[in-house]
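Encoded as structure tokens, the structure appears first; notes follow it.
We're numbering straight along the sequence, starting at 1. Heavy atoms only: backbone and side chains are in, while hydrogens, waters and symmetry mates are out.
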Amino acid sequence: MGLNDMIQQGPIGRFFELEERKTNFYTEFRGAVATFLTMAYILAVNPAILADSGGPCVAADGNIFSPEYLACKDDIKKEYITATAISAMIGCLVMGIMANLPVALAPGMGLNAYFTFGVVGFHGTGKIGFEPADAVLIEGFIFLILALTGVRYFVAKLIPEPVRFATPAAIGAFLAHLGLQTAEGIGLVVGDIATAVTLGGCAEEDRVSLVALTDACFTNGGFDCVPGGTYTCDNTESSMTSATAWVGILGMLVTGILLAYKSHFAFVVGIGFVSIISWFRNTEITYFPDTEAGNAKFEYFQQVVSVEKMDKLLFPYSDDLKQVAVALITFLYVDFLDTSGTLLAIVSSMGYIDENGDFPKSKWAFSADAIATIVGSFFGLSPVTSYIESGAGVEAGAKTGLTAVICGFFFFLSIFFAPIIAAIPPWATGGSLIIVGALMSRSLVKVKWHIHSHAISAFITVMMMPLTYSIAYGLIGGMLSFAVMEGTFWFLSKLGIAPPSYEEPGAEGEEKVAAGDDDKEEAAAEAPEETAPAETPAENPTVTEEAEA
């Protein structure tokens, strides 16, 4: 009897219902490999983004760019690699065992950027100190209550439809904006005094740091100015001369081409290729320059295997909860949307969705997500969520939680290779951020662009997130604009002014339907057959959604 048959007929096979779901160990293992390789980029990207918050590091002299502060930040990044791997491992195990679904979990993209730039602030310059783990912990418990009580179905109905569809794309634009910059990306976009941003890609010697004009700048000949994290190129001729920018673009194109051929190794190959050629010293693209900092990085890289202590990140909680309210609401909203959309999309592709839009053990699937978020807060992480990259494993044939458990084992192994993961340069991961942002923009196809209140609120959501560096501001802008417009239509209808009308795109001659009319479905049904042909639910999403409501 082979290994496949032994597991199939043993307690593991019975627990994960391998025979009932018509799968086997080899298929589940193949699915786990595909899922892990597709989302392994999170081990490099998440620590890089979260470390930009500075964590618990404190600038003794007020200079958040001093060598001492940056050294502390490098240590925090190493700890975040271990924390990311541990939280992903626990999330995968809980999901696989409790929900028996082939869904892998890790700290959510977008939420990590909001955690760093919208809550803690770059190098700790935000309004809240490094205690947003309070908000993450509370959000996890609230999410768990919503999952266990079933209230999540009611909450989902409160979110305006256009904002719900625009949110993934807006977060994608935020991530792409990060990937285009230098700190987490390829450095293609830099600061500019006149236009805020401009084309970059200049070599390090051609970069001019932008500083804030504080009182210190006008004393001691300007030598007390503290440089910011933003720079501009000293002239237009120096733009696009950086070797690392071009290598980053090459890595992005390699990843994109492999994705087009449906390769599960696309992100790994793209990031790995750029990283490896950046590890050679004494080159234009080396990640280990001949400096004190470069030598320290190279010495750590040579260790290959190392387990980092968690003495700086463990349990970063505070007893002051006044400042975390906005962060709590934003974390809960985005995590709720992300998890709901991911789980429904993956389970639907497996054919497990029933006529009520639910699936087996859905309560435990959402609970597993909440538990993983709670555990992640122990390490100062942003919320942990289900990953749509799990779809790669489903495409490879995965059908049970055994895939998630094996994925958890892969994340466990990655804990020991922090020196390798810490040596992945930002220009190697920047292209992946841009591509992830592009893929997340697919949700915009569901927006009803022919309805002005939908189009405007969705567009405001998408634009405000990257331009304000805040997911919260984007959500607030989208929901407020939708509420004001729809509220105005309702108020005017009470005064006898008919709500705006619109025509379904591509259906000339159809009867116009009022945007705020509750009898839209009736009007469509009563329309003459020759002017309004019968449509299936798939052809008329408006009617379908109203019927469900």
Side-chain angles (χ1 to χ4, degrees), residues 33 36-37 39-57 66-90 92 106-107 112 116 123 183-184 204 244 247-248 251 265 267-314 316 376 378-381 407-430 432:
V33 171
F36 178 76
L37 290 177
M39 63 181 290
Y41 69 90
I42 193 65
L43 292 168
V45 176
N46 188 62
I49 292 177
L50 292 181
D52 265 349
S53 69
C57 297
S66 65
E68 294 78 12
Y69 187 90
L70 295 179
C72 177
K73 176 184 164 183
D74 285 339
D75 292 338
I76 290 298
K77 180 180 177 181
K78 296 171 187 175
E79 290 194 18
Y80 265 131
I81 293 172
T82 303
T84 300
I86 291 175
S87 65
M89 175 191 71
I90 294 174
C92 290
N112 51 11
T116 295
H123 286 195
E184 290 86 24
E204 193 165 352
T244 57
V247 169
F265 302 89
F267 286 105
V268 175
V269 172
I271 294 175
F273 166 70
V274 176
S275 298
I276 291 172
I277 63 176
S278 300
W279 289 340
F280 294 97
R281 306 200 73 177
N282 302 315
T283 67
E284 290 293 324
I285 60 172
T286 183
Y287 188 57
F288 309 116
D290 190 15
T291 61
E292 184 178 344
N295 292 332
K297 289 180 180 179
F298 188 67
E299 288 177 9
Y300 181 65
F301 170 70
Q302 287 179 309
Q303 295 180 27
V304 180
V305 176
S306 176
V307 178
E308 294 299 318
K309 294 185 295 184
M310 302 292 295
D311 55 339
K312 293 185 175 68
L313 292 179
L314 203 58
F378 298 164
F379 307 107
L381 290 169
C407 245
F409 175 71
F410 290 151
F411 278 113
F412 167 73
L413 293 179
S414 65
I415 293 173
F416 302 97
F417 294 97
I420 301 297
I421 298 172
I424 297 176
W427 54 87
T429 58
S432 294

### Task
In sequence, state the C-alpha distance, the side-chain angles, and the governing distance for K297 and T291, and then conclude on side-chain contact (heavy atoms from CB on, under 4.5 Å).
CA-CA 10 Å; K297 289 180 180 179; T291 61; over 6 Å; no
### Query
If you look at every heavy atom in I271 and A428, which pair is closest and at what distance?
CG1-O, 3.5 Å
### Query
Should the heavy atoms of other residues, nucleotides or ligands under 6.0 Å from CG of N282 be counted, would the total exceed 12?
no
### Task
Kindly confirm or rule out an SG-SG distance below 2.5 Å between C72 and C57.
yes
### Message
Do I76 and P56 have side chains that approach each other closer than 4.5 Å (heavy atoms only, starting at C-beta)?
### Response
yes
### Query
Using 30° and 60° as the class limits, which term best fits the ring planes of W427 and Y287: parallel, tilted or perpendicular?
perpendicular
### Message
Counting neighbours of CZ on F412 that are heavy atoms of other residues, nucleotides or ligands and sit closer than 6.0 Å, is the number greater than 12?
### Response
no
### Query
Which pair of non-hydrogen atoms, one from P107 and one from T84, has the smallest distance, and what is that distance?
CD-CG2, 4.0 Å
### Message
To the nearest 0.5 Å, what is the distance between OG on S414 and CD1 on I420?
### Response
12.5 Å
### Task
Could you check F298, Y300, F280 and say which one makes a ring pair (Phe, Tyr, Trp, His ring centres under 6.0 Å) with F288?
F298
### Summary
For S87 and L381 the tightest heavy-atom approach is OG-CD1, 3.3 Å
### Query
In Å and rounded to the nearest 0.5 Å, what is the CG to NZ distance from D75 to K312?
5.0 Å
### Task
Indicate the atoms forming the closest heavy-atom contact of M39 with A106, along with that distance.
CE-CB, 3.7 Å
### Query
Shortest non-hydrogen contact from T244 to E284?
CG2-O, 4.2 Å
### Query
Under 6.0 Å from the CD atom of Q302, do we count more than 12 heavy atoms belonging to anything else shown?
yes
### Query
With a 4.5 Å limit on heavy-atom distance, are the side chains of V305 and F417 in contact?
yes
### Query
Between T116 and I49, which heavy-atom pair has the shortest distance, and what is it?
OG1-O, 2.9 Å
### Query
Roughly how far, to the nearest 0.5 Å, is CD1 of I42 from OG1 of T429?
10.5 Å
### Task
Calculate, to the nearest 0.5 Å, the distance between atoms CZ and CG belonging to F36 and L413 respectively.
8.0 Å
#### Entry: Spatial distance of atom CG (L313) from atom NZ (K78) [nearest 0.5 Å]
13.0 Å
### Task
Tell me, with the steps shown, if W279 and T286 meet side-chain contact (heavy atoms from CB on, under 4.5 Å).
CA-CA 6 Å; W279 289 340; T286 183; over 6 Å; no
### Task
For atom CD of E204, decide whether the heavy atoms of other residues, nucleotides or ligands shown that lie under 6.0 angstrom number more than 12.
no
### Message
Can you tell me how far apart CD (E79) and CG (L314) are? Round to the nearest 0.5 Å.
### Response
9.0 Å
### Query
Is there side-chain contact between V268 and Y41, with heavy atoms separated by less than 4.5 Å?
no
